[in-house]
Amino acid sequence: MLSFDLKAALDWEVHKADPVRWVEDCGLLRDKAGNACQLDENQRAILNPANKRVILNCHRQWGKSTISSLLCFWRALFYERSLCLLVAPSLRQSSENFRKISDALETISPKPELDEENKLTLKFSNGSRIISLPGSQKTVRGFTAPDLIIIDEDAQADDELFGALLPMLTNSPDGRLILASTPWGCRGHFYKIWQEGGPEWLKIRVIAEENPRVRPEVLEEARKSPNGALWFRQEYCGEFVSDEFSLFDEARLKRAVSNDFEEVDAEDY
Ligand SMILES: Nc1ncnc2c1ncn2[C@@H]1O[C@H](COP(=O)(O)OP(=O)(O)OP(=O)(O)O)[C@@H](O)[C@H]1O
Ligand SMILES: [Mg+2]
């Protein structure tokens with residue numbers, strides 16, 4: 001159970017119905033200097049529970065991980081016994097996402113109580129869980145009816161992993177699936193859904209040039225970067241470049257062809 005003080009401190013019913021109001025009223029979105037900021041229109045759409053399937057093709061540093069983390073936190077806080085699966089490509093990345101949730105936790109007063117907090121799981125006193133899953137795994141099993149699945153850097157997540165996660169939503173009519181990434185070549189489920197996903201998918205593309213938060217000199221530096229034009233088009237312009245192998249570094253390629261995967265089991269969490 002969450003404390004009475006916490007429920008009283010928040011505008012509980014309003015914030016439960018409207019995550020946008022919750023983020024803005026509580027000042028949970030901060031810029032690098034720590035100032036509270038307004039959500040973009042597209043970020044509001046991601047938070048909107050009515051959008052059950054969302055695919056984000058948004059440039060580097062747009063705010064994909066931040067909004068994903070806040071969305072998990074909102075769901076876990078306001079709905080008892082929620083299960084949120086937050087997939088990230090590496091442990092470093094998932095720790096970073098958990099850190100974003102921890103920062104938001106600290107912003108709310110009194111701080112929501114956690115029953116368990118480790119590198120892979122955040123368990124709230126209302127029975128909700130946010131579980132971090134490694135995107136490098138091929139399969140996961142044993143998680144029943146998650147309310148929210150977010151795959152961060154989804155273009156790099158294994159297709160088998162996606163195939164293992166999607167059926168978990170079968171018995172969650174209100175379950176949400178959010179795929180967030182910059183493109184990574186014309187391949188895999190992220191590319192396919194972006195190209196062929198039907199009207200059930202809300203597709204959001206944001207390129208750096210259109211984002212007023214990206215300073216022109218930063219963009220110019222990236223454009224001239226030795227990584228080259230294809231890299232720039234992929235990371236900042238949301239383009240699925242077909243000359244993909246020129247963008248892959250050796251380590252990524254090795255991981256992509258490796259058969260050395262373990263299965264992730266809910267029992268482990
Ligand atoms: N609406 C906003 N107003 C001001 N700052 C924002 C807004 N949305 C996100 N930010 C800030 O942008 C920065 C980058 O966010 P984040 O790391 O979530 O981006 P990302 O898209 O996941 O980046 P990457 O592609 O590199 O993983 C953070 O400091 C975040 O607070
Ligand atoms: Mg990110």
I'd like to know whether [atom1] of [X] has more than 12 heavy-atom contacts from other residues, nucleotides or ligands below 6.0 angstrom.
| X | atom1 | answer |
| --- | --- | --- |
| Glu116 | CD | yes |
| Glu221 | CD | no |
| Arg213 | CZ | yes |

Value rounded to 0.5 Å, distance of [atom1] in [X] from [atom2] in [Y]:
| X | Y | atom1 | atom2 | value |
| --- | --- | --- | --- | --- |
| Ile55 | Ile204 | CD1 | CD1 | 10.5 Å |
| Arg205 | Glu210 | CZ | CD | 7.5 Å |
| Leu161 | Asp158 | CG | CG | 6.5 Å |
| Ile46 | Asn51 | CD1 | CG | 9.5 Å |
| Ser125 | Leu114 | OG | CG | 7.5 Å |
| Leu28 | Ser69 | CG | OG | 12.0 Å |

N/O donor-acceptor pair under 3.5 Å between [X] side chain and [Y] backbone:
| X | Y | result |
| --- | --- | --- |
| Ser94 | Ser132 | no |
| Arg176 | Asn48 | yes |
| Asn118 | Thr121 | yes |
| Ser172 | Asp174 | no |
| Asp159 | His189 | yes |
| Arg30 | Cys37 | no |
| Asn126 | Leu77 | yes |
| Glu96 | Gln93 | no |
| Asp11 | His15 | no |
| Ser128 | Tyr79 | yes |

Looking at every non-hydrogen atom in both residues, tell me the closest pair between [X] and [Y] and how far apart they are.
| X | Y | answer |
| --- | --- | --- |
| Ser82 | Arg75 | OG-NE, 3.0 Å |
| Ile207 | Cys237 | CG2-O, 3.3 Å |
| Ala208 | Leu219 | CB-CD1, 3.5 Å |
| Lys32 | Gln61 | NZ-OE1, 3.3 Å |

query: Does the ring of Phe98 carry Lys119 above it, NZ/CZ under 6.0 angstrom from centre and within 45° of its axis?
result: no

Side chain to side chain, [X] and [Y], heavy atoms closer than 4.5 Å:
| X | Y | answer |
| --- | --- | --- |
| Asn97 | Ser68 | no |
| Ile151 | Leu165 | yes |
| Asp18 | Leu47 | no |
| Trp62 | Asp40 | yes |
| Thr182 | Asn57 | no |
| Leu56 | Ser181 | no |
| Phe162 | Phe190 | no |
| Val14 | Trp22 | no |

Residues [X] and [Y] bridged, charged N to O under 4.0 Å:
| X | Y | value |
| --- | --- | --- |
| Glu24 | Arg44 | yes |
| Arg223 | Glu220 | yes |
| Arg53 | Glu200 | no |
| Lys123 | Asp115 | no |

task: Please find out if less than 6.0 Å separates the ring center of Tyr191 from that of Trp184.
output: no

Residue pair Asp152 / Ser65, side-chain donor-acceptor N/O under 3.5 Å: yes

